[in-house]
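Numbers here simply count residues along the sequence, with the first being 1.
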Amino acid sequence: MLETRLNKCYDYDAEGVGRMMDTKTGLKIAYRRKMPETLRTLSFAKEKHAGQYRKGDGSVPYIVQPLNMACHALEMGIYDDAVIVAALLHDVCEDCDIAPDKLPVSETVRRAVSLLTFAVKDG
């Protein structure tokens, strides 16, 4: 049953290949649920991941992965603005060379993203 609910996160083409969650759908959910930080972050994340593609054949835009993480959380009934924003931004620091303290979000989200960010340690 959970799998069925999670499948709503994808648009499937005729061959059954999953595509990115429609950003407009995410915006509608965020607006309806009064999630202002999510509304601002959707376009920021999409802009920062522009030109990046998932590993494999290189045809799937990278933004698909954070959008699906956010969508999965929403489909599981998680409507906390900070949690959804952290899901959208969880790879921005690693993949876009932006420090967590430079993200245009609340301190709560910056901290969450910092905890989710893989850091290479010296030595």
Side-chain angles (χ1 to χ4, degrees):
M1 184 168 116
L2 185 58
E3 183 62 32
T4 302
R5 291 188 69 199
L6 294 180
N7 283 342
K8 293 180 187 177
C9 297
Y10 302 91
D11 289 329
Y12 287 96
D13 64 16
E15 289 78 41
V17 176
R19 297 287 183 227
M20 173 174 35
M21 178 184 84
D22 185 346
T23 305
K24 290 180 184 177
T25 302
L27 287 170
K28 287 178 190 175
I29 292 169
Y31 180 78
R32 190 172 63 245
R33 293 279 180 175
K34 296 179 177 43
M35 301 168 80
E37 223 169 8
T38 298
L39 286 169
R40 288 190 305 272
T41 302
L42 276 165
S43 58
F44 177 80
K46 191 172 181 182
E47 173 189 322
K48 293 302 172 189
H49 286 299
Q52 296 176 341
Y53 295 88
R54 300 281 296 157
K55 292 178 183 174
D57 70 4
S59 66
V60 178
Y62 190 82
I63 191 64
V64 168
Q65 197 268 348
L67 282 172
N68 281 324
M69 294 289 294
C71 184
H72 290 333
L74 291 167
E75 286 297 322
M76 289 186 287
I78 300 170
Y79 299 111
D80 184 290
D81 202 15
V83 172
I84 302 305
V85 173
L88 289 168
L89 295 178
H90 76 276
D91 281 336
V92 167
C93 296
E94 292 174 26
D95 299 336
C96 305
D97 199 29
I98 297 173
D101 64 337
K102 301 298 182 196
L103 293 171
V105 293
S106 69
E107 186 57 36
T108 299
V109 173
R110 286 186 193 123
R111 179 72 179 135
V113 171
S114 178
L115 291 169
L116 293 169
T117 299
F118 177 76
V120 177
K121 299 190 185 220
D122 293 332

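Annotation: the span from L89 atom CG to I84 atom CD1 amounts to 11.5 Å, rounded to 0.5 Å. To the nearest 0.5 Å, atom CZ of residue R33 and atom CG of residue D80 are 12.0 Å apart. Atom-to-atom distance recorded for Q52:CD and D95:CG is 5.5 Å, nearest 0.5 angstrom.
Nearest heavy atom pair, residue L74 against residue M35, reads CD2-CE, 4.3 Å. The two atoms that bring Y62 and P66 nearest to each other are O-CD, 3.1 Å, heavy atoms only. Nearest heavy-atom pair across V113 and C93 is CG1-SG, 3.8 Å. The minimum heavy-atom distance between S59 and P61, with the atom names listed, is O-CD, 3.5 Å. Closest approach of F118 to E94, counting heavy atoms only: N-OE2, 2.6 Å. Residues A70 and L88 share a closest heavy-atom pair of CB-CD2, 3.8 Å.
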message: Before you tell me yes or no, could you show the steps for V109 and L103 under side chain to side chain contact (heavy atoms under 4.5 Å, CB included), namely the whole-Å CA-CA distance, both residues' side-chain angles and the distance that decides it to 0.1 Å?
response: CA-CA 9 Å; V109 173; L103 293 171; 5.7 Å; no
message: Let's go through Q65 and H90 carefully: what are the C-alpha distance in whole Å and the side-chain angles of both, what is the deciding distance for side chain to side chain contact (heavy atoms under 4.5 Å, CB included) to 0.1 Å, and is it a yes or a no?
response: CA-CA 10 Å; Q65 197 268 348; H90 76 276; 3.1 Å; yes
- request: For the pair L67 and L42, evaluate side chain to side chain contact (heavy atoms under 4.5 Å, CB included) and give the outcome as yes or no after the intermediate values.
  value: CA-CA 8 Å; L67 282 172; L42 276 165; 3.6 Å; yes
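Tracing side-chain contacts under 4.5 Å through hydrophobic residues (I, L, V, M, F, W, Y), one never reaches M69 starting from I63; they form parts of separate clusters. V105 is connected to F44 through a chain of hydrophobic side-chain contacts under 4.5 Å among Ile, Leu, Val, Met, Phe, Trp and Tyr, so both are in one cluster.
The closest donor-acceptor contact from the side chain of E37 to the backbone of D81 lies at 3.5 Å or more, if one exists at all.
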